[in-house]
Amino acid sequence: MRLTVIGLGYLGATHAVAMAKLGHQVIGIEQDQSKLESLRQGKIPFHEPGLDSALTEVLATGRLTFQSEHDSQSSSAEIHFICVGTPQKESGEADTSYVVSATKQLAKHLKPESVVAGKSTIPVGTAAKLKHQMSEIAGFPVHLAWNPEFLREGTALEDSLKPDRIVVGSWDQYSVEKLKEAYQPILETGTPFLSLDVETAELVKVAANAFLATKISFINAMAEIAEAAGADAVALAEAIGHDERIGKKFLRSGIGFGGGCLPKDIRGFIARAEELGVGSSLDFLKDVDQINLRRRSRVVELAKQELGTLANKKVLVLGISFKPDSDDLRDSPSLEIARRLSELGAEVVIHDPVALAALKEPGKLKPEQNLEVAAKDADLVILGTEWKEYRDLEPAKLKVKSKVIIDGRNVLDVKKWQLAGWKVIALGRNIQN
Ligand code: UDX
């Protein structure tokens, strides 16, 4: 099939490569010239394991091309996937202006038989407005469907090619059939296909992310209790996770969730529920957000407890991306902790295997790529992102002034670090040193 993918950020670039890998002829459309150039040269403009080589592979087949505007070839595509971003406004609402302008632009070129499939995360009720606007511009009833994406950074390509489910919300069976055809190779492997009404499909993504955020904040609330009661939140998560109804996944306590999805999606969801007159239904998500943010403050508190005054103290923060295997710094908990410690007067050195290059404005933070140099004379080390490099770190090899580490992700082998002479502080754990 001939397809277009409009907007080539994390979601769009991955989706374009995935669809070309499935054998489709894909045209990626992106206005940002530097992104476009990079993609044409086979370079993904962000860090995502395996995506560069997959891009090179599909570019060589000629099945994936890139351009900045619609033309007659792209207009004749059978499906146009909308993958532009919906960032958070200051008010907490989702900013849908990029989706609105991308769909309006597309409507001018659209063919009546083409299907428009939105993948961006939008507030429930947006697709109906978009369909109306597009149909007015196009002069015919546009086939619009909503097809949310659930990929995680770090495993994006795998998540796109082997998703847990494919969800399509639509007003017409024609769009459903076209999308089934596009995803046929995935569906053949037994992946569930859910054909829903549009409003439910719009809700699936934010509801899933709200649930995941709630699960993380639940265990982080238990970590607060464990800290006060002398218990261990990691052992608690293990014990409750054995109950299959609860499960162990997404029960890792620590400095909490960040990134471009979970924080903004729960805030956007709260704002939309308020607009719908059912704000109180999502009041609990405000607590989920607050618990999450409190974990960052807790690390700052622990650092102050450990160091006394922060002036003239050197803190090494290991990891600045919001999660490992990504260079995404959006709402990164560890980066926020680093900045707050720096504002409080500490000299903060930041290390990350990949993400330092993505930090365009370090301010007073001191990026250092060489771990040995970064660690020199440190009074405190904070593990903020659980990159494999840090999980596997030999404590004896980390030469610092004072052997104290705060494990912000509860991933270190505490005994091993203690045997090497380190004091280990962890969230929710009451470790005896
Ligand atoms: C998330 C959803 O998982 C994905 O389905 C959706 O499409 C986009 O948003 P992503 O933001 O890539 O994906 O990362 P995810 O793996 O969900 O982690 C989000 C944050 O939660 C990270 O900061 C991670 O460190 C944190 N986290 C995750 C925890 O603190 N504890 C956990 O147990 C799991």
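As the structure lists them, so they are numbered: ligands from 1, and atoms in each ligand from 1.
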Between [X] and [Y], does any side-chain donor sit less than 3.5 Å from a side-chain acceptor?
X      : Y      : value
Ser34  : Asp32  : yes
Ser253 : Arg429 : no
Thr385 : Ser334 : yes

Could you list the atoms of ligand 1 found under 4.0 angstrom from a heavy atom of [X]?
X      : value
Cys261 : 8 (C), 9 (O)
Leu151 : 4 (C), 6 (C), 7 (O), 8 (C)
Glu149 : 7 (O)
Leu212 : 3 (O)
Leu251 : 33 (O)
Arg409 : 25 (O), 30 (O)
Phe257 : 20 (C), 21 (O), 23 (O), 26 (C)
Glu153 : 12 (O)

In the protein, what heavy atom is nearest to [atom], and what distance, to one decimal place, separates them?
atom                    : answer
atom 17 (O) of ligand 1 : Phe250 CZ, 3.2 Å
atom 2 (C) of ligand 1  : Asn209 OD1, 3.5 Å
atom 19 (C) of ligand 1 : Leu262 CD2, 3.8 Å
atom 3 (O) of ligand 1  : Arg152 CG, 3.4 Å
atom 33 (O) of ligand 1 : Arg252 N, 2.9 Å
atom 15 (P) of ligand 1 : Lys323 NZ, 3.6 Å
atom 5 (O) of ligand 1  : Phe150 O, 2.8 Å

* Do any heavy atoms of Gly254 fall under 4.0 Å from ligand 1? ->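 It does not; every heavy atom stays at 4.0 Å or beyond.
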* Among the heavy atoms of Lys215, does any lie under 4.0 Å from an atom of ligand 1? ->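 No, that is not the case, since the closest heavy atom of the residue is not under 4.0 Å from the ligand.
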* Of the listed options (Ile216, Asp159, Asp164), which comes nearest to atom 28 (C) of ligand 1 when hydrogens are ignored and any heavy atom counts? ->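 Nearest option to atom 28 (C) of ligand 1, by heavy atoms: Ile216.
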Looking only at non-hydrogen atoms, find the nearest pair between [X] and [Y] and report the distance.
X      : Y      : result
Leu316 : Ala375 : CD2-CA, 3.8 Å
Trp146 : Ser120 : NE1-O, 3.0 Å
Ala231 : Asn430 : O-ND2, 2.9 Å

* Can an N or O of Gly258 be found at a distance shorter than 3.5 Å from an N or O of ligand 1? ->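 The answer is yes, given that Gly258 and ligand 1 share an N or O pair closer than 3.5 Å.
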* Asked: How long is the span from the CZ atom in Arg296 to the CG atom in Asp331, to the nearest 0.5 Å?
  ->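 Arg296 CZ to Asp331 CG: 4.5 Å, rounded to 0.5 Å.
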Is it the case that atom [atom1] in [X] sees more than 12 heavy atoms from other parts of the structure closer than 6.0 Å?
X      : atom1 : answer
Lys364 : NZ    : no
Glu372 : CD    : no
Phe218 : CZ    : no
Gln432 : CD    : no
Phe211 : CZ    : no

* Asked: Any idea which part of Lys205 is under 4.0 Å from ligand 1, heavy-atom wise: side chain, backbone, both or neither?
  ->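 Just the side chain.
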